[in-house]
Structure formats: structure tokens, C-alpha cells
Amino acid sequence: MFLKSLVFSGALLAAGAAQAVPLLPGTTLDQLAYFDTGKVVAGDPDFLGTQVASGSVSATEQRDGFSGGGVVDDLYTVTGQINFAVFETSSGHTTFGYDFRSIDDSLAGLLNGARVFSVSGFAGFEVDVGWILDFDPYVPLIERSADGDTITVTYLDPRDTQSDLIETILFKTDADTFDLMGEGEVVIEIDSFGDTTRSLSGLPQPAVIPLPMSGLLLLCALGGLGLSRRRAA
């Protein structure tokens, strides 16, 4: 399963042009978007640009279980993982690429994995979605919260995120830059134990370039000037 994360960045750089699909606050992309639009088809430096960051965050859930007539410590071990890469384009966009994964190291159970992932920090930014696929996609639902801040990706089966084939989801934004202060969640499923939601941190999120000190001083001066005029009136 870790092999896929090693080739993640290289797959993005080798990909081509995408017809982006807008993801507005409070909307969900339907399955037709995978086949009609969004797929990378040719070289597109405006969509991917120059890679400026990459990394991975994960959470692991362990449970004891019964096997062979007794209790076995950590019989179930399941990890939910988000691999990411960030690109800055010549047109001033910042694109966030995500590879949503789960790793089942359990000694029992059939439906172990993670199928629900969320990333936050997108409020106030435009988001277009594209895909990099090297096989028929598993077609997760992609939805954006009403306030625009959180994007949730939901697969139909927790085992869909355990394939070694590439399925990368790209969010192209109008952000100037990014930081690594973003948060997210992963929902880990372990057989008969049900779902466990784990928080993630250290994810990339859109950001704006702060004004230099000279700009801040100018804004303060203009604000003070306006206040003095009101008082004089």
C-alpha cells in the first residue's frame, strides 16, 4: 500500500490537462462528472504548475478481538491516510492534490478500511475539481459544506481506498499561496466495531500572501486619517 504514496508526486507531474469542474459551497458532484468532465487528458501547466510541497498525514485505529478461542491484542489495525501535493501555477492559482488511502494490517475481518475523508480551510476560495485516473474510478461522492470550508470525499466501500492503482483528486483554487495549518478527518471502519472518526492536522490549506509592513503602515495611516476627519466633522 505504501508503494502508491511513493509514486504519488511523480504521477501528478506526468499527468496532463484537465477540464475542471466547479465545486460550489453546499454542492455535491454527481458520478457523471467523472466520465464527462474533470479527467486529465493533456499537458496543462496552468492546472498543475510547479510542485511546491508534498507530504502525508495519517491516523491508526487498533482494536482487540477474539480469535482461536481467546482475546488477541490489536487483532484489528487499520490506518487512514491522506497523501498530498501542492502546486503553484503561472496564472496565480494554487492546486491541492490528494491521494486518499487506507491500510488494513488486521488479522481478521472483511470490511476494514477508511472510506470517508475530509479536508478543511477552503472557505472564501473558488474550487475547481479535476482527476488523475489510471483505471475506471471508484467514483466517490465529493461534497462541499454550505460555508465552503470543508470538502468531504466519500467512497462506497472502505476497500476502495486500498488499491495500488492511482486515483488522485485535485482541487484548483484561486488562493495566492498555502500553509500547512489545515485540518481534516478520516472515518476508519473496523468490521463489527463500526466507524471511528479521527482528526488530522498538518494538511495544506489555501492562504493569502500577507501585506508587507509598509502596506500595513499605509493602511493604518489611512484608517487614522479617516477617523480624524470624522471627529473634525
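Heads up: numbering here begins at 1 and tracks the sequence.
No side-chain donor-acceptor contact under 3.5 Å links T50 and E88. Side-chain contact check for N83 and S56: at least one donor-acceptor pair (N or O, by modelled atom type) lies under 3.5 Å. With 3.5 Å as the limit, one finds no donor-acceptor pair spanning the side chains of T152 and S118.
L107 and F193 fall within a single hydrophobic cluster, where Ile, Leu, Val, Met, Phe, Trp and Tyr are joined by side-chain heavy atoms under 4.5 Å apart, directly or via other members. At a threshold of 4.5 Å between side-chain heavy atoms, the hydrophobic network of Ile, Leu, Val, Met, Phe, Trp and Tyr places L23 and L203 in one connected group. Linking ILVMFWY side-chain heavy atoms closer than 4.5 Å, directly or via other members, places V116 and I103 in two distinct hydrophobic clusters. Both I169 and V127 are assigned to one and the same hydrophobic cluster, defined by single-linkage of ILVMFWY side chains at heavy-atom distances under 4.5 Å. A continuous path of Ile, Leu, Val, Met, Phe, Trp and Tyr side chains, each step under 4.5 Å between heavy atoms, connects F84 with V129, placing both in one hydrophobic cluster.
I188 has its side chain out of reach of T60: every pair of non-hydrogen atoms, C-beta onward, lies at least 4.5 Å apart. No side-chain heavy atom of P140 sits less than 4.5 Å from a side-chain heavy atom of T154.
Across P158 and S102, no two heavy atoms sit closer than the pair O-OG, 3.3 Å. Contact between G182 and Q205 at its shortest, heavy atoms only, is CA-OE1, 3.4 Å. Of all heavy-atom pairs between D147 and A123, the closest is O-CB, 3.8 Å. Taking all atoms of both residues into account, the shortest heavy-atom contact from P206 to A175 is CB-CB, 3.5 Å. Heavy-atom minimum distance, P25 versus A146: CB-O, 3.5 Å. The shortest heavy-atom contact between P22 and L29 is O-CD2, 3.8 Å.
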**Item:** V153 and V119: CA distance, side-chain angles, deciding distance, side chain to side chain contact (heavy atoms under 4.5 Å, CB included) verdict
**Value:** CA-CA 9 Å; V153 178; V119 290; over 6 Å; no
**Item:** Intermediate values then yes/no, side chain to side chain contact (heavy atoms under 4.5 Å, CB included), V52 and F87
**Value:** CA-CA 6 Å; V52 293; F87 297 85; 6.0 Å; no
**Request:** Dump the intermediate steps for side chain to side chain contact (heavy atoms under 4.5 Å, CB included) on L24 and R144, then the final yes or no.
**Result:** CA-CA 7 Å; L24 302 176; R144 191 175 182 187; 5.7 Å; no
**Request:** Begin with the C-alpha distance, continue with both residues' side-chain angles, and end with the deciding distance and a verdict on side chain to side chain contact (heavy atoms under 4.5 Å, CB included) for V57 and V186.
**Result:** CA-CA 10 Å; V57 298; V186 56; over 6 Å; no
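One finds the CD atom of Q81 at 9.0 Å from the CZ atom of F117 (value rounded to the nearest 0.5 Å). With values rounded to the nearest 0.5 angstrom, I151 atom CD1 is found 8.5 Å from I142 atom CD1. How far CG of D195 is from CD1 of I190: 10.0 Å, rounded to the nearest 0.5 Å. Atom CG in D105 sits 14.5 Å away from atom OH in Y76 (nearest 0.5 Å). One finds the CD1 atom of I82 at 10.0 Å from the CD atom of E185 (value rounded to the nearest 0.5 Å). Atom CZ of R198 and atom OG1 of T79 lie 9.0 Å apart (nearest 0.5 Å).
Without hydrogens or angle criteria, R159 side chain to G113 main chain gives no donor-acceptor distance under 3.5 Å. Side chain of R101 to backbone of T161: a donor-acceptor contact under 3.5 angstrom is found. A donor-acceptor contact shorter than 3.5 Å links the side chain of N112 to the backbone of D191. Within the 3.5 Å criterion, the main-chain N or O of T77 finds a donor-acceptor partner in the side chain of S106.
Within 6.0 Å of CD on E143 lie more than 12 heavy atoms contributed by other residues, nucleotides or ligands.
Each of D174, T94, D149 was compared with F125 under the side chain to side chain contact (heavy atoms under 4.5 Å, CB included) criterion, and only D174 meets it. Checked against R63 for a side chain to side chain donor-acceptor pair (under 3.5 Å), the options T196, D74, D73 give a single hit: T196.
The ring of F122 has its center closer than 6.0 angstrom to the ring center of F96.
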